[in-house]
Protein chains: 2
Amino acid sequence: MIDDEATRSNVIEAADRLFYSRGIQAVGMDAVRNEAGISLKKLYSAFGSKDVLLNEVLHYRGRQWDDGIAAASAAARTPRDKLLAIYDFLNGWFRQDDFRGCAFINSFGELGSISPEIAKAAREQKSSFQRYVSSLVAEAGGPPSLAAQLAILAEGAQTTAAISGTPDAAAHARAAAVTLIDAAQPVSGAA
Amino acid sequence: MIDDEATRSNVIEAADRLFYSRGIQAVGMDAVRNEAGISLKKLYSAFGSKDVLLNEVLHYRGRQWDDGIAAASAAARTPRDKLLAIYDFLNGWFRQDDFRGCAFINSFGELGSISPEIAKAAREQKSSFQRYVSSLVAEAGGPPSLAAQLAILAEGAQTTAAISGTPDAAAHARAAAVTLIDAAQPVSGAA
DNA sequence: TACACTAGAGAACGTTCGTTCTCAGCGCAA
DNA sequence: TTGCGCTGAGAACGAACGTTCTCTAGTGTA
């Protein structure tokens with residue numbers, strides 16, 4: 001059909017909303033069907049199984065993250081500002097009503113030990129983010145270890161914000177990032 | 001019975017092993033019964049339901065964490081060394097074969113949005129840890145914001161180590177902590 | 001010996017869930 | 001008009017799970 005792609009993305013977005021807000025195992029395919037407003041038959045003909053659907057949802061989430069980071073860093077000029085833009089992006093995200101932590105961390109915690117697919121998706125998402133941070137750090141002339149530290153700050157901010165229910169962790173992580181970046185580049189930090 | 005307490009802790013430890021390694025919803029009460037080696041009847045007479053058992057398991061996990069941190073910091077003399085001992089403790093934990101991330105983060109990701117009890121348990125565990133870090137930072141004469149930053153590093157290290165499958169995050173977090181502590185206390189850092 | 005009680009093993013029950021099947025309705029070609 | 005293929009709604013199926021119930025065997029006691 002012509003609207004094949006429209007149907008798929010409609011289902012993926014509906015499933016993403018449900019999985020993210022309630023967890024994966026807690027959401028039945030029936031709930032996905034209701035949220036997407038299509039029939040079970042169509043749901044299963046578009047995606048062969050819940051596992052397949054979940055995989056596509058995680059890829060969709062990954063793209064959302066990438067787009068968010070890209071948009072946040074677009075305004076920044078220097079690599080340093082692009083790095084700090086990550087925490088500004090987190091700050092805005094943490095303040096959204098439906099924020100409930102990182103979908104990859106949540107999925108990994110829920111099903112990572114039973115589903116190699118999910119473990120792999122989480123691993124790839126996180127390593128992709130680390131590569132992004134690494135490239136910015138390299139551009140800024142910082143050492144590779146700084147990239148690892150900045151990535152850890154971002155991960156920690158996400159779980160802390162999710163569990164505590166407050167967005168404060170973003171500002172704390174940003175302040176720590178400034179300190180770490182400045183400490184790694186004393187030359188550019190001084191005058 | 002006299003061995004009532006022994007039965008309870010036996011069940012709690014068995015359930016903890018299973019919940020931690022496979023996730024909560026993926027483990028049935030039948031599996032807990034097998035792992036603990038008791039009858040279903042006794043299991044349900046000791047703990048009224050899976051929810052109750054899970055709650056006790058989380059409290060048990062919390063005590064394990066507290067004990068581990070306490071043991072790791074016992075050898076340290078100064079508040080600064082006690083703070084750094086946190087990351088050494090993480091380093092040892094990440095290297096254990098059965099390491100699969102923080103049980104509270106995992107539980108929160110799996111059931112935090114459906115079960116207020118679990119969300120509360122995770123929140124209390126994390127805020128208890130933050131209070132511990134805060135007290136050490138205060139002892140060391142550092143500002144409260146440093147405590148938040150160090151806690152975020154610890155959280156980020158746990159999720160990073162779990163998802164990446166390597167223990168490297170502990171060393172990165174420790175190095176970042178050293179930088180942050182030194183930057184916050186230029187007086188004691190100099191000399 | 002007879003009886004009351006306990007405890008263990010697992011069958012059974014009711015529910016939920018992923019997935020498939022049935023069936024009625026509708027458009028469309030001849 | 002008639003037959004055909006497609007679609008949507010939801011019933012149905014088989015498995016898994018949390019929880020309860022049943023049955024049996026054993027034990028201590030009078």
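In what follows, every chain begins at residue 1, and chains take the letters A, B, ... in the order their sequences are listed.
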> For the pair Asp30(B) and Arg33(B), find out whether any cationic side-chain nitrogen is under 4.0 Å from an anionic carboxylate oxygen.
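Here Asp30(B) pairs with Arg33(B) in a salt bridge, since their nearest N and O are under 4.0 Å apart.
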> Decide, yes or no, whether a salt bridge links Glu139(A) with Lys82(A) under the criterion of side-chain N to carboxylate O below 4.0 Å.
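No, Glu139(A) and Lys82(A) are not salt-bridged.
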> In whole Å, what is the span from the CG atom of Asn34(A) to the P atom of dA9(D)?
10 Å
> Is any side-chain N or O of Lys42(B) closer than 4.0 Å to OP1 or OP2 of dG8(C)?
yes
> Quick one: what's the B/S/- string for nucleotides 15-22 of chain C, heavy-atom cutoff under 4.0 Å, read 5' to 3'?
---SBB-B
> What are the two closest non-hydrogen atoms of Tyr20(A) and Gly101(A), and how far apart are they?
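What the structure gives for the nearest pair is OH-O, 2.7 Å.
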> Separation of Leu43(B) atom CG from dG8(C) atom P, in whole Å?
12 Å
> Name the one of Phe104(A), Tyr60(A), Phe89(A), Tyr132(A) that satisfies ring-ring contact (aromatic ring centres under 6.0 Å, His included) with Trp65(A)?
Phe89(A)
> Is the number of heavy atoms from other residues, nucleotides or ligands within 6.0 Å of CD (Glu35(A)) greater than 12?
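Yes, enclosed.
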